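All values reported here derive from a predicted model rather than from experimental measurement.
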Amino acid sequence: MFWDKSILKAKVVQIKPVRIVDIKARGRLSTKLVYKLEDKPNKTSLAMTETRSVLIKGGGGSWKYEPKGQGTLWTQTNTLILKDGFFYALLRPIITIQLKRNTINL
């Protein structure tokens with residue numbers, strides 16, 4: 001089981017000097033996740049490189065962890081860069097709605 005139900009396969013291909021994970025995901029997406037910051041337990045960030053997809057050109061994300069009461073407040077920020085062109089511009093609102101539906105806001 002992966003951290004995201006859209007991930008079909010993940011393989012760590014490098015640990016030092018930075019961690020790199022090669023992933024394959026639903027929608028014929030493959031990319032390398034290059035970790036830019038691993039300051040556990042405070043913040044983690046990564047960038048998508050060598051992205052192969054019908055829709056996605058690249059992206060990245062960051063995760064911030066803060067103590068809150070007896071638990072942890074986890075804040076996730078992600079960016080997806082869609083390919084350019086008229087067709088992709090038409091799909092942008094649909095993709096935005098789908099991503100919002102798949103994201104839990106507490």
Worksheet item: Quick one: does Leu82's side chain get under 4.5 Å of Leu91's, heavy atoms only?
Response: no

Discussion item. Using the rule that Ile, Leu, Val, Met, Phe, Trp and Tyr join whenever any side-chain heavy atoms are under 4.5 Å apart, tell me whether Leu80 and Val34 fall into a single cluster.
Written reply: no

Discussion item. Could you go through Thr77 and Lys64, starting from their C-alpha distance and side-chain angles, then the distance that decides it, and tell me whether this counts as side-chain contact (heavy atoms from CB on, under 4.5 Å)?
Written reply: CA-CA 9 Å; Thr77 304; Lys64 186 176 174 183; over 6 Å; no

Worksheet item: Strictly by modelled atom types, are Ser30 and Arg52 linked by a side-chain donor-acceptor pair under 3.5 Å?
Response: yes

Item to complete: Could you pull out all residues at least two apart from Thr31 that satisfy side-chain hydrogen bond (donor to acceptor under 3.5 Å, both in side chains)?
Response: Thr51

Worksheet, complete the sentence: Here the pair of heavy atoms bringing Ala10 nearest to Ile23 is CB-CG2, 4.0 Å

Worksheet item: Transitively linked via ILVMFWY side-chain contacts under 4.5 Å: Leu37 with Ile20?
Response: no

Worksheet entry | Distance-minimising heavy-atom pair for Gly61 and Asn78 | CA-OD1, 3.6 Å

Discussion item. Tell me if the CD1 atom of Ile15 is crowded by more than 12 foreign heavy atoms within 6.0 Å.
Written reply: no

Worksheet item: Which distance, rounded to the nearest 0.5 Å, do you find between the OH of Tyr88 and the CD1 of Ile81?
Response: 14.5 Å

Practice prompt. Decide yes or no for Glu50 and Asp22: does some side-chain heavy atom of the first lie under 4.5 Å from some side-chain heavy atom of the second?
Written response: no

Fill in: Hphob cluster co-occupancy, Val18 + Val13, side-chain heavy atoms under 4.5 angstrom
yes

Worksheet entry | Phe87 reachable from Leu29 in the ILVMFWY side-chain graph, under 4.5 Å edges | yes

Worksheet item: With no hydrogens and no angle check, is any side-chain donor or acceptor of Lys36 less than 3.5 Å from a backbone partner on Ser62?
Response: no

Discussion item. Is there a path of hydrophobic side-chain contacts, each under 4.5 Å between heavy atoms of I/L/V/M/F/W/Y residues, joining Met48 to Val21?
Written reply: yes

Worksheet item: Is there side-chain contact between Leu46 and Trp63, with heavy atoms separated by less than 4.5 Å?
Response: yes

Worksheet item: Just how far is it from atom NZ of Lys24 to atom CD1 of Ile7, taken to the nearest 0.5 Å?
Response: 11.0 Å

Worksheet item: Any side-chain heavy atom of Lys83 sitting closer than 4.5 Å to one from Ile56?
Response: no

